[in-house]
Amino acid sequence: MQQTLIELLDARVSAALAAVGCEGAPAVIAPAGRPEFGDYQANGVMGAAKARKMNPRQLASEVLEKLDLAGIASKVEIAGPGFINITLAPEFLAALAHEAMADAKLGVPQPVSQRVVVDYSSPNLAKEMHVGHLRSTIIGDALARVLRFLGHEVIAQNHVGDWGTQFGMLTAYLIEAEQGGEATLALNDLEDFYRRAKQRFDADEAFATHSREYVVKLQGGDAQVNALWQKFLDVSLHHCEAVYEKLGVGLTRADVRGESAYNDDLPVVVADLKAKGLAVESEGAQVVFLEEFSNKEGEAQAYIVQKQDGGYLYATTDLAAVRYRAATLKADRALYVVDARQGLHFQQMFTVSRKAGYAPQGMQLEHVGFGVMLGEDGKPFKTRTGGTVKLAELLEEAEHRAFALVSEKNANMPESERRAIAAAVGIGAVKYADLSKNRNSDYVFSWDSMLAFEGNTAPYLQYAYTRIAGVFRRVEHFDAAAPIVLEEEAERQLALALVRFSEALHSVARETMPHFLCAYLYELSGQFMRFYEACPVLKSEGALRDSRLRLCRLTADTLKTGLGLLGIGVLEAM
RNA sequence: GCCGCCAUAGUUCAAUGGAUAGAACGGCCGCCUCCUAAGCGGCAGAUACAGGUUCGAUUCCUGUUGGUGGUACCA
């Protein structure tokens with residue numbers, strides 16, 4: 001299939017609209033709101049009729065006469081004020097399912113390929129990763145996977161915080177720890193390391209002076225301090241990689257391009273902005289005034305690119321980065337998976353990038369923002385004692401809880417197997433709980449609802465997969481090329497859900513909304529569960545059995561692929 | 001102050017301007033001699049408030065209330 005079902009129906013209805021004198025009128029195809037309205041509905045007739053002062057039901061019947069859905073729909077009817085309800089023919093759905101099974105991409109059409117930079121995770125290397133890094137990391141990872149699946153060339157950019165005055169303090173403390181012979185031990189817990197360094201900094205004036213000197217030496221390229229800094233970064237990145245490994249996130253060292261990578265470019269950017277008349281001096285700082293962000297009095301908002309003391313800010317670094325992504329990486333599209341609170345910064349940065357010509361007109365710049373994680377009290381998620389929750393500890397807790405539940409349900413299963421299931425289920429539950437929500441809103445993190453492992457959770461989807469795996473364990477032979485026959489309503493609904501995979505993926509890529517894929521997979525799993533209850537597979541016979549087994553096969557493949565795109569694993573048993 | 005975002009069942013979340021606002025959890029009632037009940041079916045339950053635009057508004061506009069975030073030298 002070269003297009004999604006919606007695209008196909010849109011083309012057909014648009015053609016019919018054009019045939020009755022409504023050229024250019026949008027067909028407005030949407031999945032039907034209710035089962036009795038069929039599978040898809042075309043809502044465009046009402047608007048077209050209104051614009052032409054026509055009777056909408058009359059126009060709908062004219063459109064219907066011209067509408068060619070031969071071989072596609074089994075029923076097309078006008079309803080309500082002028083809706084066109086379309087029910088797809090079982091044979092058509094069966095054919096699409098058949099095609100999907102023969103295709104490595106499960107029948108998902110590949111759009112025109114773009115080169116897409118996805119900036120995500122980007123932790124500060126001065127400290128250990130905490131829960132605040134979870135959303136960027138997994139949302140970005142899911143988007144990167146979906147874009148790659150659709151044939152885009154994704155360049156992941158882990159824009160880590162590896163620069164700034166705090167690294168003077170950390171390297172100074174590292175050399176002390178090394179002299180004390182306990183550097184390895186001290187670096188075991190980065191959070192603690194930072195705390196102790198900060199305590200030294202605050203309590204000991206000599207150490208503070210020493211730290212400041214190190215900042216200067218670091219910036220000046222001093223070999224010894226640079227080596228210490230590199231060592232610290234290396235340790236910190238190892239901590240990150242352990243978390244990525246546990247999370248099943250594909251980021252590697254090759255994707256790391258930290259803030260420090262742009263150091264040399266910062267004065268160049270500022271000079272360029274000045275030369276272009278964009279940056280001007282104000283109160284000793286270099287500032288770009290943006291009339292796009294002015295208040296009612298017409299006063300332009302300031303966007304500072306260089307401080308009074310000559311230092312640079314993240315605004316400058318981000319401008320250098322966007323220049324790099326456009327000019328060197330030649331990206332068609334750049335996604336910034338960063339906290340929604342930085343929305344204003346990105347809007348300003350994008351505006352300056354356009355004005356300065358750093359990002360060409362054709363390059364899409366998108367801030368993929370997301371809300372904060374809240375505790376069950378509605379306040380930012382913290383430990384009982386008010387500290388930040390380390391990501392590594394959160395994930396351990398998830399596995400721990402999952403292991404207890406797995407053990408409860410499968411007392412006789414070998415421990416190693418229970419551990420493997422607990423890892424997939426626990427981590428999957430954490431990721432799914434996050435990814436399944438609209439990223440724009442804040443969300444409440446709740447162990448209880450996340451690890452109840454029932455309802456709309458990752459384990460529900462994983463369980464649907466294991467049920468299918470269980471069926472195939474009992475199958476000795478079946479005709480993998482047998483025709484798919486959709487007679488029962490549950491079979492038809494399952495097939496419909498299966499062929500909608502492409503719509504879900506295209507929506508995710510277009511809107512950068514992973515929760516669309518979660519909603520899709522939950523719907524698919526639900527349809528499968530209903531099919532499983534209503535249509536015996538192994539107890540049926542002959543062609544019917546083969547057909548049902550093929551539906552099972554495609555469902556399993558789609559679930560595995562879809563969950564894989566969310567970075568969630570499936571299990572043969574659980 | 002100014003600018004932005006948010007407000008949907010008891011709770012946690014959905015809903016490209018479309019029909020009777022969907023789920024999940026919790027509550028109540030059913031379904032395992034039958035492919036794993038981490039499942040399936042049923043019942044009750046919601047758009048903060050007031051206007052406006054529209055054939056049609058949870059969605060767009062205005063105002064109100066209540067949250068929350070950003071906002072000249074952190075990121």
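Below, each value reflects all heavy atoms present in this structure, side chains not excepted, and no hydrogens, waters or symmetry copies.
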Full working for ring pair (Phe, Tyr, Trp, His ring centres under 6.0 Å) between A/Tyr262 and A/His159: CA-CA 10 Å; A/Tyr262 302 100; A/His159 192 80; 5.7 Å; yes
Salt bridge (Lys or Arg N to Asp or Glu O under 4.0 Å) evaluation trace for A/Arg492 with A/Asp39: CA-CA 11 Å; A/Arg492 213 189 68 87; A/Asp39 300 328; 2.8 Å; yes
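Side-chain to base pairing of A/Thr457 with B/rA24: no donor and acceptor N or O lie closer than 3.5 Å to each other. Judged by distance alone, with hydrogens and angles left aside, A/Asn85 brings a side-chain donor or acceptor within reach of the base of B/rA19, the pair sitting under 3.5 Å.
Across all strands shown, B/rA50 pairs with B/rU62; the Watson-Crick or G-U wobble distances both stay below 3.5 Å. Remark: B/rG69 base-pairs with B/rC3. Criterion, Watson-Crick or G-U wobble with two distances under 3.5 Å. Pair assignment for B/rA14: none, as no Watson-Crick or G-U wobble contacts are both less than 3.5 Å. Base pairing of B/rU33 is not made with any nucleotide, judged by Watson-Crick or G-U wobble geometry with both donor-acceptor distances under 3.5 Å.
OP1 and OP2 of B/rU68 both lie 4.0 Å or more from every side-chain N or O belonging to A/Lys379. For the OP1/OP2 pair of B/rA15 and a distance below 4.0 Å, the side-chain nitrogens and oxygens of A/His515 include at least one atom meeting the criterion. OP1 or OP2 of B/rA75 has not a single side-chain nitrogen or oxygen of A/Arg341 nearer than 4.0 Å. Residue A/Lys409 places at least one side-chain N or O closer than 4.0 Å to OP1 or OP2 of B/rA38.
In this structure, A/Ala285 reaches the bases: a heavy-atom distance under 4.0 Å links it to at least one base atom across the strands shown. Nucleic acid contact class of A/Asn55 (heavy atoms, under 4.0 Å, all strands): none.
Among A/Tyr312, A/Tyr314, A/Trp229, the single residue meeting the side chain to side chain contact (heavy atoms under 4.5 Å, CB included) criterion with A/Trp163 is A/Trp229.
Taking the 5.5 Å centre cut-off and the 30° plane limit, the aromatic side chain of A/Tyr463 is not classed as stacked on B/rG39.
In the set B/rC13, B/rU36, B/rC35, B/rC35 carries the atom at the smallest distance from any side-chain atom of A/Lys539. Between B/rA38, B/rU71, B/rA14, one nucleotide has an atom nearer to the side chain of A/Leu405 than all others, and that is B/rA38. Taking only side-chain atoms of A/Val537, from C-beta outward, the nucleotide of B/rA19, B/rU71, B/rC35 with the closest atom is B/rC35. Side-chain proximity of A/Tyr460 to the nucleotides B/rA19, B/rC35, B/rC40 is greatest for B/rC40. In this structure, of B/rU71, B/rC13, B/rC35, it is B/rC13 that holds the atom nearest to the side chain of A/Tyr443. Across B/rA14, B/rA38, B/rA24, the shortest atom-to-atom separation from the side chain of A/Met574 is found for B/rA38. Residue A/Glu533 has its side chain nearest to B/rC40 when only B/rA14, B/rC40, B/rU71 are considered. Of the candidates B/rU36, B/rC73, B/rC34, B/rU36 carries the atom nearest the A/Thr466 side chain, counting heavy atoms from C-beta on. Minimum atom distance to the side chain of A/Glu454 is reached by B/rC25, of the listed B/rA19, B/rC25, B/rU36. Of the candidate nucleotides B/rA38, B/rA15, B/rU20, B/rU20 has the atom nearest to the side chain of A/Arg34.
Closest-nucleotide positions on RNA chain B for A/Arg530 and A/Glu36 were compared, and the one nearer the 5' end corresponds to A/Glu36.
Closest approach of A/Ala458 to A/Ile568, counting heavy atoms only: CB-CD1, 4.4 Å.
Cation-pi check for A/Arg257 over A/Tyr324 is met; the charged atom lies under 6.0 angstrom from the ring centroid and within 45 degrees of its normal.
Ring geometry for A/Trp447 against A/Phe445 counts as perpendicular: the plane angle is over 60°, on a 0 to 90° scale with 30° as the lower cut.
Nucleotide B/rC43 carries an anti base; the chi torsion (O4'-C1'-N9-C4 or O4'-C1'-N1-C2) is more than 90° from 0.
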So which protein nitrogen or oxygen atoms get under 3.5 Å of nucleotides 16-18 of chain B's nitrogens or oxygens?
| residue | atom | partner | partner atom | Å |
| --- | --- | --- | --- | --- |
| B/rU16 | O4 | A/Ile29 | O | 3.2 |

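You'll find the side chain of A/Val352 stays beyond 4.5 Å of the side chain of A/Val305, heavy atoms only.
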